[in-house]
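Contents: one structure, followed by commentary.
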2 protein chains.
Amino acid sequence: MAERCGVSIDTLRYYEREGLLQNVARAESGHRRYSEDDVLWVEVLRCLRETGMSIEQLRHYCQLGAQGNHTAAERREMLTSHRTLVEAQIVERQLALKLIDHKLSYYPNPQDQENK
Amino acid sequence: MAERCGVSIDTLRYYEREGLLQNVARAESGHRRYSEDDVLWVEVLRCLRETGMSIEQLRHYCQLGAQGNHTAAERREMLTSHRTLVEAQIVERQLALKLIDHKLSYYPNPQDQENK
DNA sequence: GGTTGACCTGAAGCGCACTCCAGGTTGTTG
DNA sequence: CAACAACCTGGAGTGCGCTTCAGGTCAACC
């Protein structure tokens, strides 16, 4: 039961249904047998999901992967444009930290001040 | 029409209904008259929302603000714990960049390679 | 061999954060 | 003053990403 890559069992099956997790091996019983590669791939999925790539986009990426090497350029393009997005998120969050710190400066430790 | 703080008019009204935006002035006609402070506050809201603070939490924060100075300690606490969260998001995204770069290293510019 | 727990499926449901709609009032422009 | 845009309200609807459910199969320990 390989959900110790940090997602629920339901999420795993959901990803599989959506095509983000292909060719999961099965025992003759029908039970899934996740491989080491599956674990690594789920980590990639998580990482991309957590940084805001949609299920839809991930599905597209996986479909491209399944179609073979001639789609490499498009996949590369997806990754680079997502990379740009993640960089923007970092900048955004650094600004957020600044703003939070600014607001915190109005709350001297256990004293107070009005500022909504 | 103050949605040039980057959110839709519906979102603005939604925030108002949810109590994130209090005491919005009205003309006698009933039309809203957003103040300069409202614009600033919406920027704060956006910043906190975009970094993952929920509507529910923001509502709580606003309620505290409306209750006066004796809630300052709790508000401060909310901000500091959100700050920690944002810092974690930055770290997470920096790791994501690494992972993306690693995957990109398998896609030499317009060539290709199998790696799913 | 029975019962307890982990797994299976397809389909329905949920929570969040908006977003849209219907039906109406206001304000402004030619 | 007509007509068109911009605003108002309450309530319903939407989309996404899971999550739960019902109804069953499998495994394995006592």
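Just so it is clear: chains get the letters A, B, ... in the order the sequence lines come, proteins before strands, and each one is counted from 1. Hydrogens, waters and symmetry mates play no part in the numbers below; they use all other heavy atoms, side chains included.
- Relative to the side chain of Ile55(A), the nucleotides dC18(D), dG27(C), dC20(C) differ in distance, and dC18(D) lies closest.
- The distance between atom CE of Met53(B) and atom P of dA17(C), rounded to the nearest whole Å, is 12 Å.
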| message | Please evaluate residues Arg49(B) and Glu18(B) with respect to the criterion salt bridge (Lys or Arg N to Asp or Glu O under 4.0 Å), reporting the C-alpha separation (whole Å), side-chain torsions for both, the decisive distance (0.1 Å), and the verdict. | response | CA-CA 14 Å; Arg49(B) 278 291 305 122; Glu18(B) 294 297 318; over 6 Å; no
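- With sequence neighbours excluded, the residues satisfying salt bridge (charged side-chain N to carboxylate O under 4.0 Å, His left out) with Asp101(B) are Arg83(A).
- What separates CD of Glu16(A) from P of dG10(C) is a distance of 10 Å, to the nearest Å.
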Which atom pairs link the protein and nucleotides 11-14 of chain D when you take only N or O atoms and keep those under 3.5 Å?
none

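- Place Glu28(A) and Ile9(B) on DNA chain D by their nearest nucleotides, and Ile9(B) ends up nearer the 5' end.
- The phosphate of dC18(D) has OP1 or OP2 within less than 4.0 Å of a side-chain N or O from Arg49(A).
- Look at OH on Tyr34(A): it is 16 Å from P on dA6(C), rounded to the nearest Å.
- In this entry the distance linking CG of Leu12(A) with P of dT19(D) reads 11 Å, nearest Å.
- When the C1' atom of dG10(D) is taken as reference, atom OH of Tyr14(B) falls 15 Å away, rounded to whole Å.
- Each of Ser8(A) and Ser29(A) lies near DNA chain D, and the nucleotide nearest Ser8(A) is the one positioned closer to the 5' end.
- For Tyr15(A), taking side-chain heavy atoms from C-beta onward, the closest of the listed nucleotides dC18(D), dT19(C), dT19(D) is dC18(D).
- Residues in residues 74-102 of chain B take part in these ring-ring contact (aromatic ring centres under 6.0 Å, His included) pairs, two or more places apart or across chains: His102(B)-Tyr106(B).
- Phosphate contact (OP1/OP2 of dC18(C), side-chain N/O of Thr11(B), threshold under 4.0 Å): absent.
- For the pair Arg75(A) (side chain) and Tyr107(B) (backbone), a donor-acceptor distance under 3.5 Å is absent.
- Shown here are the salt bridge (charged side-chain N to carboxylate O under 4.0 Å, His left out) partners of Glu56(A), two or more places apart in sequence or in another chain: Arg59(A).
- For Arg32(A) and dT9(C), the shortest distance from a side-chain N or O to OP1 or OP2 is below 4.0 Å.
- Evaluation of the side chain to side chain donor-acceptor pair (under 3.5 Å) rule for His31(B) yields no partner, not counting sequence neighbours.
- Ranking dT9(C), dA17(C), dT19(D) by closeness to the Asp10(A) side chain, first place goes to dT19(D).
- When rounded to the nearest whole Å, the span between CD of Glu56(A) and C1' of dG17(D) equals 13 Å.
- Checked by atom type and distance alone, the side chain of Arg46(B) never pairs as donor or acceptor with a backbone atom of Val42(B) at under 3.5 Å.
- One atom, NE2 of His31(A), and another, C1' of dT9(C), lie 12 Å apart when rounded to the nearest Å.
- Across all strands shown, Arg33(B) has no heavy atoms under 4.0 Å from either base or sugar-phosphate atoms.
- Atom pair Glu18(A):CD and dC16(D):P shows a separation of 11 Å (rounding to whole Å applied).
- Between Arg26(A) and the phosphate of dT9(C), there is a side-chain N or O to OP1/OP2 separation shorter than 4.0 Å.
- Residues meeting the salt bridge (charged side-chain N to carboxylate O under 4.0 Å, His left out) test with Glu74(B), sequence neighbours left out: none.
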